[in-house]
Structure formats: C-alpha cells, structure tokens
Student: 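Dropping a structure here in structure tokens format, bear with me for questions.
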Amino acid sequence: MRIVSSFRDFAPEPGPTIGLVPTMGALHEGHRELVRRARAECDRVVVSIFVNPAQFGPNEDYGRYPRQLEADCDLCAAEGVDAVYAPELHDVYPDGFSTAIDPGEIASEWEGAFRPGHFRGVVTVVGKLFNTVLPTIAYFGWKDLQQCLVVTRMVRDLDFRVRLEFVDTVREVDGLALSSRNAYLEANARLIAPRLYSELKRSGEAIEAGGNVQEELDQSRLVLRDAGFDIDYFAYVDMKSLESLDTMLLPSAVIAAVRLGSTRLIDNYRLHRQA
Ligand code: AMP
C-alpha cells in the first residue's frame with residue numbers, strides 16, 4: 001500500500017482510449033477536424049450532439065438553432081465515429097434537475113458578460129458528458145477560446161480525469177471561421193463577415209510586432225464599425241486569466257464578439273499559436 005496525495009500521475013486504467021467530441025450538431029468541417037484528431041488519437045470515438053438549452057439566454061437562438069441529426073450521423077459515419085451520443089432533453093435534465101457547476105470568475109467577462117449563465121450551462125453539461133462517456137481525451141475548438149479556458153479550469157478544479165486537446169479553428173478560404181451560425185448570415189452580411197478575422201489577425205500581428213495595444217485595438221474597432229459590425233467586445237487578453245492587457249505578453253490573444261444584423265459571431269487570433 002502507498003499513501004498518495006494526488007491521483008494525477010496514477011497509471012491510466014487499461015482498456016481502450018475513448019475520445020469525446022462534444023457538439024451541438026449542425027456539423028461542419030470545423031467539427032470534422034476535431035473528429036479526425038480524435039479518430040487519429042483514440043481507440044474509440046464518441047461524438048455527442050445536444051443543443052443544450054441551459055447555455056442559451058432567453059433572447060438567444062435556441063429555438064432556431066439548426067438541427068440535422070441525420071446529416072450529422074452521416075458525417076460521423078464517414079469519419080469512422082464509433083458512437084453518436086444524442087440524448088433527449090429529459091435524458092440530460094430529468095424531472096427535478098437542480099444541480100449545476102459554477103464556473104466562477106473566469107466565466108464572468110467577455111462571453112460571460114454578454115451571455116449571463118452561458119458558461120454555467122456549458123460546464124454543467126460538459127461535466128455531465130464527462131461523467132457519462134468517461135472519455136480519456138476530450139476535444140474542443142480554439143474558436144471558442146474562453147470555453148477552452150473555462151473547461152480547463154473546471155477539469156483542474158474538480159479533478160475530472162480527462163485530458164483536453166484543443167484544435168485550431170477551421171476557416172473558409174476568405175478567413176471566416178466555420179460556425180453553425182454562419183447559416184443565419186444574409187448575403188450581404190456574409191460578404192462583410194470575413195473582415196472580423198482579418199482585423200483580429202491584423203491587430204494581433206501588429207501587437208506581436210511591437211505595436212501599441214490600444215491604438216491597434218481602436219483601429220480595428222473603427223474599421224469594423226465602419227464596415228457595419230456592432231461590437232460586443234474586441235480585446236487583447238492574457239490567455240491564462242483572460243484579463244485585458246495593455247502591453248504585449250505571451251501567451252495572449254485578440255478576442256472578439258460582433259453582431260451583423262441578428263447574427264452574432266465570435267472569433268480570436270492567438271499570438272504565436274503558443275499555449
Ligand atoms: P458547437 O457545436 O458550436 O458547440 O461546437 C462544438 C465544438 O466544435 C466546440 O469545441 C467548438 O469550439 C468546435 N468548433 C466550432 N467551430 C469550429 C471551427 N470552425 N474550427 C474548429 N473547431 C470548431
């Protein structure tokens with residue numbers, strides 16, 4: 001017998017490794033990239049598809065969020081997925097459901113500020129997925145950068161025995177990050193939308209090259225407003241704490257959420273792709 005103070009380094013249990021890709025469906029090439037990583041690295045691959053009402057605000061798009069289970073299953077089958085976990089609402093939230101995970105301070109700014117309760121809904125359902133699927137590795141996209149950090153914190157704080165892997169954002173040729181919500185963009189908005197990433201990249205590269213943080217951010221905000229974007233936030237932040245930075249520090253990222261008409265887009269540019 002030995003006395004241990006941490007189970008982190010304990011030998012993993014024998015048996016197949018399980019890769020989990022949590023999604024809300026309406027799968028696209030971005031999701032496909034996560035699935036491919038899981039397929040390459042794990043013995044079994046599970047894709048979960050669940051449009052989680054708890055992470056939508058009362059005036060958000062839960063009702064009209066695209067649902068296409070059959071096409072999603074075809075994509076998963078083509079990528080060699082072993083199981084699609086598509087629970088019903090009552091499977092995830094049985095009668096009298098009342099317990100939740102509080103993601104704390106890291107979830108209070110940026111997306112958390114504009115979408116109160118969003119990350120509480122996310123981490124609660126992700127925690128449930130970890131408990132049901134028991135993945136060895138779970139795959140998330142850097143596109144939702146704050147989500148990556150919030151889930152990382154939850155896994156550490158609550159000792160979930162899962163490894164997390166983050167996958168670079170898959171983009172259209174014009175730079176627009178793939179998103180299930182891109183389908184909402186009207187033709188004109190679709191033409192303007194790639195400017196979000198071009199400004200994230202431009203200001204990120206300028207900061208990387210020693211440019212003044214405030215000036216670069218202001219310039220990008222101006223360009224985007226002129227192009228017709230409403231900006232929720234466009235900020236340069238520390239990648240660990242998500243606090244705003246005035247000067248260049250690594251690891252860091254330029255993060256943004258904008259609205260084009262009724263469509264809300266989020267994206268980011270990570271300096272140096274470190275971390
Ligand atoms: P969602 O279905 O939007 O909840 O996304 C499921 C997972 O796919 C999340 O981890 C996202 O960050 C990730 N994801 C969404 N869009 C992309 C993209 N364009 N490239 C890579 N990963 C993505």
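Counting starts at 1 for both ligands and their atoms, following the listed order. Side chains included, hydrogens not; waters and symmetry mates left out as well; all remaining heavy atoms used.
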Student: Can you give each donor-acceptor pair under 3.5 Å made by side-chain atoms of residues 115-127, sequence neighbours left out, with the distance rounded to 0.1 Å?
Tutor:
| from | atom 1 | to | atom 2 | distance (Å) |
| --- | --- | --- | --- | --- |
| Arg115 | NE | Glu60 | OE1 | 3.1 |
| Arg115 | NE | Glu60 | OE2 | 3.1 |
| Arg115 | NH2 | Gln55 | O | 3.4 |
| Arg115 | NH2 | Glu60 | OE1 | 2.5 |
| His118 | ND1 | Gln55 | O | 2.8 |
| Thr124 | OG1 | Ile101 | N | 2.9 |
| Thr124 | OG1 | Arg120 | O | 2.7 |

Student: Taking the six-membered ring for Trp, are Tyr233 and Phe114 parallel (under 30°), tilted (30 to 60°) or perpendicular (over 60°)?
Tutor: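 Rings of Tyr233 and Phe114: tilted, 30 to 60°.
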Student: Return the protein residues near ligand 1 (heavy atom under 4.0 Å from any of its atoms), ordered by chain and residue number.
Tutor: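 These residues qualify: Pro22, Thr23, Met24, His28, Gly30, His31, Leu34, Tyr65, Phe140, Gly141, Lys143, Asp144, Gln147, Asp168, Thr169, Val170, Leu178.
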Student: Any side-chain heavy atom of Asp238 within less than 4.5 Å of one from Leu249?
Tutor: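 They are in side-chain contact.
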Student: So, is the end of the Arg67 side chain (NZ or CZ) under 6.0 Å from the ring centre of Tyr62 and within 45° of the ring's axis?
Tutor: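 The answer is yes; both the distance and angle limits are met.
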Student: Against the six-membered ring of Tyr184, is Arg64 placed for a cation-pi contact (under 6.0 Å from the centre, within 45° of the normal)?
Tutor: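 Judged by the rule (NZ or CZ under 6.0 Å from the ring centre, within 45° of its axis), Arg64 counts as positioned above Tyr184.
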Student: Can a cation-pi geometry be assigned to Arg259 and Phe229, taking NZ or CZ under 6.0 Å from the six-membered ring centre and within 45° of the ring axis?
Tutor: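 No, Arg259 does not lie over the aromatic ring of Phe229.
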